Amino acid sequence: MNVVVTGAGTGIGAAVTAALRARGEQVLACGRRPGPLQEVAERTGALPLAVDVATPEGADAAVATAVEAFGALDGLVLNAGIVRAGTVGTLSVQDWEETLRINLTAPFLLVRAALEHLVRAGGSVVTVGSVAGLRASPAYAAYGASKAGLHMLTRNLAVDLGPRGVRVNCVAPGWVRTEMGDAEMAEFGEPLGLDLDQSYARVTAAVPQRRAATPGEVAGVIAWLLTPAASYVHGAVVPVDGGTSVVDAGSLAFLPAD
């Protein structure tokens with residue numbers, strides 16, 4: 001396959017890039033920061049491209065670069081995302097708009113730019129949503145809305161593109177030990193005197209598996225969804241969350257003390 005991976009400089013995107021390259025796929029690793037992308041490229045052999053895919057010009061450039069370099073494009077992994085915490089009362093309009101632009105508009109723009117190539121190749125798209133798009137979280141108004149929107153965009157794309165031979169699916173991770181996750185844990189844990197490990201333990205205390213995921217665990221599901229082994233998986237939003245989304249919030253008081 002010839003795949004564009006966004007948000008490829010760190011975390012899940014870097015892990016997906018490594019997984020795809022390990023099985024011989026051609027990967028265009030996209031992101032906004034040249035430094036991390038270059039490190040990933042040197043480690044994996046992916047082709048790096050520093051670009052803002054949340055603009056029409058950036059999305060078009062990513063697709064054009066991949067097609068020119070690889071000769072075809074038959075896969076997208078739409079992973080780029082940001083978190084701007086806050087309630088409707090505390091979020092700035094700028095943070096709201098930036099969250100939607102990067103988390104929701106960028107996938108729309110990339111699929112639009114790549115559409116005819118994907119149809120020609122009978123390709124596959126995997127978006128990266130979040131458990132925050134499945135269940136509401138405190139002070140996550142923009143992030144949760146953007147990820148819920150991405151889940152529904154995935155389903156709409158599946159309905160529209162399935163008849164044209166393109167599969168579209170989504171993974172919805174819970175907590176993952178990434179650069180972005182670490183930053184959130186540092187902000188959460190510092191007032192409580194918790195280090196990163198203690199912070200992750202605190203926020204996953206009600207997760208059935210009692211831990212956060214590694215980037216590789218999420219990347220493995222994404223890589224599988226791109227393959228013929230997942231040929232009849234279409235329009236799915238697959239939680240990769242250690243069971244987070246199956247927990248009944250009203251039952252948490254009955255959890256045994258660990």
Side-chain angles (χ1 to χ4, degrees), residues 1-55 58-82 102-115 117-118 121 123-130 147 150 153-154 157 166-173 176 178-180 213-227 230 238 240:
M1 292 186 75
N2 307 299
V3 184
V4 170
V5 178
T6 68
T10 59
I12 294 170
V16 170
T17 299
L20 295 179
R21 288 294 299 143
R23 69 185 193 199
E25 317 288 11
Q26 298 288 346
V27 178
L28 180 70
C30 295
R32 294 191 292 177
R33 296 183 293 161
L37 286 175
Q38 188 59 41
E39 189 279 327
V40 169
E42 291 173 358
R43 177 163 48 84
T44 66
L47 177 65
L49 179 66
V51 65
D52 183 359
V53 294
T55 67
D60 289 346
V63 170
T65 300
V67 172
E68 181 179 356
F70 308 144
L73 176 61
D74 44 10
L76 295 178
V77 177
L78 305 177
N79 166 71
I82 63 169
I102 293 175
N103 294 4
L104 183 56
T105 300
F108 161 78
L109 291 172
L110 274 159
V111 173
R112 187 176 70 165
L115 184 56
H117 299 287
L118 294 169
S124 180
V125 177
V126 181
T127 64
V128 179
S130 172
K147 291 301 187 177
L150 183 59
L153 175 62
T154 300
L157 289 170
V166 178
R167 288 190 306 110
V168 189
N169 292 289
C170 177
V171 298
V176 186
T178 63
E179 183 181 85
M180 187 165 72
T214 67
E217 288 175 309
V218 182
V221 180
I222 294 169
W224 174 76
L225 284 169
L226 291 170
T227 69
V238 182
V240 186

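Just so we're clear, the structure is a prediction, and the values are computed from it rather than from any experiment.
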Short side-chain to backbone donor-acceptor contact, [X] and [Y], under 3.5 Å:
{"X": "Thr44", "Y": "Arg21", "result": "no"}
{"X": "Arg112", "Y": "Pro107", "result": "no"}
{"X": "Lys147", "Y": "Val128", "result": "yes"}
{"X": "Arg23", "Y": "Ala223", "result": "yes"}
{"X": "Gln38", "Y": "Gly35", "result": "no"}
{"X": "Glu25", "Y": "Met1", "result": "yes"}
{"X": "Thr227", "Y": "Trp224", "result": "yes"}
{"X": "Asn2", "Y": "Gln26", "result": "no"}
{"X": "Thr6", "Y": "Ala80", "result": "yes"}

For residues [X] and [Y], report the shortest heavy-atom separation together with the two atoms involved.
{"X": "Pro173", "Y": "Ile12", "answer": "CG-CD1, 4.1 Å"}
{"X": "His117", "Y": "Val63", "answer": "CD2-CG1, 3.7 Å"}
{"X": "Leu37", "Y": "Pro48", "answer": "O-CB, 4.0 Å"}
{"X": "Ala62", "Y": "Val53", "answer": "CB-CG1, 4.1 Å"}

### Task
Using side chain to side chain contact (heavy atoms under 4.5 Å, CB included) as the criterion, point out the one residue from Val16, Leu28, Val77 that pairs with Val3.
Val77
### Task
Test Val111 against Leu157 for side-chain contact (heavy atoms from CB on, under 4.5 Å), laying out the working first.
CA-CA 9 Å; Val111 173; Leu157 289 170; 3.9 Å; yes
### Contacts of Thr55 that satisfy side chain to side chain contact (heavy atoms under 4.5 Å, CB included) - sequence neighbours left out
Asp52, Glu57, Arg101
### Query
Does any non-hydrogen side-chain atom of Val171 lie less than 4.5 Å from one of Leu225?
yes
#### Entry: Electrostatic pair Arg33:Glu179 at N-O distance under 4.0 angstrom
yes
### Task
Go through the steps for Arg32 and Val51 under the test side-chain contact (heavy atoms from CB on, under 4.5 Å), then give the verdict.
CA-CA 5 Å; Arg32 294 191 292 177; Val51 65; over 6 Å; no
### Query
Under the salt bridge (Lys or Arg N to Asp or Glu O under 4.0 Å) rule, what pairs show up with a residue in residues 58-74, not counting sequence neighbours?
none
